[in-house]
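Okay, so here's the structure we're looking at.
Sequential numbering from 1 along the given sequence is applied to the chain's residues.
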Amino acid sequence: MAVNTSFIKLEGTLDGLTFYNKDGENLVKKKTQVSKNRIANAPEYQRTRENNQEFGGSAKCGKAFRESFAGISRLVSDTYLSARITAKIRSIVPNGPGLRGERNIDLVDNLEPFIGFNFNLSKPFDSQFNAPSPGPDIADTKDSVRWNIPDFNTDTFVHKPEGATHFKLALAAGYVSNYEWDATLKAYQPVEEHPNAVGVVNYSDAIDIGGMVGSDTNLDIDLSAFAPVPVTTALFASTAIVFYQKVNDELYVLAQGHSMKIAAAK
């Protein structure tokens with residue numbers, strides 16, 4: 001890969017070179033000489049095919065993860081969320097049973113790597129909100145979640161962005177099934193279709209920034225509509241903070257400062 005410093009900025013392929021823009025830089029690389037047919041059939045590319053299959057499964061599982069938090073992720077995510085969650089899921093694939101290229105994506109037995117996962121790397125949740133709280137707590141039946149935040153001083157434990165006058169805390173919960181290789185379809189599929197890629201978000205009332213909240217904040221999510229939850233389905237619980245500005249007695253969501261992390265999973 002090289003940087004194109006010419007005043008002529010090209011995009012596309014020319015004379016075996018591919019020109020493209022990434023993160024504001026104009027780059028150039030040699031066009032691959034390996035055909036798709038060779039990669040798909042040649043013995044020397046067996047490992048590549050295995051990796052591609054498991055990466056595809058991780059991407060599909062990652063999409064289900066993102067969809068389970070669709071009700072809030074637009075506010076709290078960075079532009080690399082898709083790639084980062086796919087990479088996180090891909091990292092646990094070697095722990096699953098099966099042959100290379102067809103190993104199960106076993107989320108339920110590999111939850112620990114996801115705890116603390118931030119939806120926006122530039123705004124880690126703990127840097128925006130760090131009031132002491134024990135939760136969230138997921139019921140053993142995976143059909144309810146509770147987060148209790150004792151009364152706290154907003155000046156001490158909230159890092160507000162410029163212009164913020166209020167904030168809301170949020171509890172989000174999302175289901176994601178384990179995934180397995182389907183030899184007939186030649187693709188990864190969820191072990192259980194339901195519940196998968198679905199979730200719920202619950203916001204607190206708007207809280208003034210300045211001084212004590214004045215009471216505990218309790219957030220509950222009732223997921224009984226999805227019960228009974230299969231043992232092959234994981235439930236992720238996320239904690240979030242969303243900032244607002246009050247103008248003429250109306251609250252407007254700010255364009256920055258929001259954050260969310262995976263705080264519990266079962």
Gap separating the CG atom of Asp205 from the CG atom of Leu169, nearest 0.5 angstrom: 10.5 Å
Is the shortest side-chain heavy-atom distance between Tyr244 and Thr165 below 4.5 Å? no
Would a hydrophobic clustering, with Ile, Leu, Val, Met, Phe, Trp and Tyr connected at side-chain separations under 4.5 Å, put Ile221 with Val198? yes
Of all heavy-atom pairs linking Thr217 and Ser204, the shortest is CG2-CB, 3.9 Å
Measuring from atom CZ of Arg90 to atom CD of Glu54, what distance do you get when rounded to the nearest 0.5 angstrom? 4.5 Å
Hey, does Pro190 have a side-chain heavy atom less than 4.5 Å from the side chain of Asn196? yes
With rounding to the nearest 0.5 angstrom, report the CG to CG distance, Leu219 to Asp216. 11.5 Å
Under a 4.5 Å side-chain heavy-atom rule over Ile, Leu, Val, Met, Phe, Trp and Tyr, are Leu254 and Ile209 clustered together? yes
Pro150 side chain reached by Ser133 side chain, heavy atoms, under 4.5 Å: yes
Less than 4.5 Å apart, side chain to side chain, heavy atoms only: is that true for Val229 and Glu192? no
Set out, in order, the CA-CA distance, both residues' side-chain angles and the distance that settles side chain to side chain contact (heavy atoms under 4.5 Å, CB included) for Ile105 and Cys61, then state yes or no. CA-CA 8 Å; Ile105 300 175; Cys61 184; 4.2 Å; yes
Which atom pair, heavy atoms only, marks the closest approach of Asp155 to Gly211? OD2-N, 2.9 Å
Any donor-acceptor pair under 3.5 Å linking the side chain of Asp222 with the backbone of Ser224? yes
Assess the residue pair Val201 and Leu171 against the criterion (side chain to side chain contact (heavy atoms under 4.5 Å, CB included)); give the C-alpha distance rounded to whole Å, side-chain angles, the decisive distance to 0.1 Å, and a yes or no. CA-CA 6 Å; Val201 183; Leu171 176 62; over 6 Å; no
Same apolar cluster: Phe152 and Phe125, side chain cutoff 4.5 Å: yes
For Ala173 and Leu223 the tightest heavy-atom approach is CB-CD1, 4.1 Å
Donor-acceptor pair, Ser68 side chain versus Gly199 backbone, under 3.5 Å? no
What residue among Thr239, Asp126, Asn120 forms side chain to side chain donor-acceptor pair (under 3.5 Å) with Lys261? Asp126
Is Asp78 salt-bridged to Lys123, cutoff N-O under 4.0 Å? no
Can you find a heavy atom in the side chain of Ser58 that is under 4.5 Å from one in the side chain of Ser91? no
Kindly say whether Arg74 contributes a backbone atom to a donor-acceptor pair with the side chain of Ser77 at under 3.5 angstrom? no
Within-4.5 Å side-chain heavy-atom neighbours: Phe129 and Ser259: no
Using distance alone, with no hydrogens and no angle criterion, decide if Arg66 and Ser73 have a side-chain donor and acceptor under 3.5 Å apart. no
Strictly under 6.0 Å, is that where the ring centroids of Phe65 and Phe236 end up? yes
Can you confirm whether or not the ring centre of Phe243 sits under 6.0 Å from the ring centre of Tyr252? no
Do Ile262 and Ser238 touch side chain to side chain, with heavy atoms closer than 4.5 Å? yes
For side chain to side chain contact (heavy atoms under 4.5 Å, CB included), just list the numbers for Leu107 and Thr232, CA-CA rounded to whole Å, side-chain angles, deciding distance to a tenth of an Å, and then say yes or no. CA-CA 8 Å; Leu107 293 174; Thr232 52; over 6 Å; no
Taking the six-membered ring for Trp and the full ring for Phe, Tyr or His, determine whether the centres of Phe69 and Phe119 are under 6.0 Å apart. yes
Once you round to the nearest 0.5 Å, how far does CD1 of Ile115 lie from CG of Leu111? 6.5 Å
Nearest 0.5 Å, what's the CG-OG1 distance between Leu81 and Thr86? 8.5 Å
How far apart are the closest heavy atoms of Ala264 and Pro136, and which atoms are they? CB-O, 3.8 Å
Closest non-hydrogen contact found for Leu251 with Ala206 is CD1-CB, 3.4 Å
Gln189 vs Lys60, side chain to side chain contact (heavy atoms under 4.5 Å, CB included): CA-CA, chis, key distance, verdict: CA-CA 8 Å; Gln189 299 294 322; Lys60 183 177 288 188; 3.4 Å; yes
Find the distance between CG (Asp151) and CD1 (Ile149) and round it off to the nearest 0.5 Å. 11.0 Å
When you group the ILVMFWY residues by side-chain heavy-atom contacts below 4.5 Å and let the links chain together, are Phe114 and Leu235 in the same group? no
Residues Asn118 and Arg84: side-chain donor-acceptor under 3.5 angstrom: no
Would Arg103 and Asn95 count as a side chain to side chain donor-acceptor pair (under 3.5 Å) if you check the C-alpha gap in whole Å, the side-chain angles of each, and the deciding distance to 0.1 Å? CA-CA 8 Å; Arg103 290 175 289 195; Asn95 299 334; over 6 Å; no
Shortest non-hydrogen contact from Val108 to Ala234? CG2-N, 3.8 Å
Please say yes or no: joined through hydrophobic side-chain contacts below 4.5 Å, possibly via intermediate residues, are Ile241 and Val200 part of one cluster? yes
Sequence neighbours excluded - salt bridge (Lys or Arg N to Asp or Glu O under 4.0 Å) pairs with any residue from residues 130-150: Asp140-Lys266, Arg146-Asp220
Do Met260 and Ile72 make a side-chain contact, defined as non-hydrogen atoms from C-beta onward lying under 4.5 Å apart? yes
When you look at NZ of Lys63, are more than 12 heavy atoms from neighbouring residues, nucleotides or ligands closer to it than 6.0 Å? no
Name all pairs fulfilling the ring pair (Phe, Tyr, Trp, His ring centres under 6.0 Å) condition that reach into residues 156-180, sequence neighbours left out, sorted by first residue then second. Tyr175-Phe226
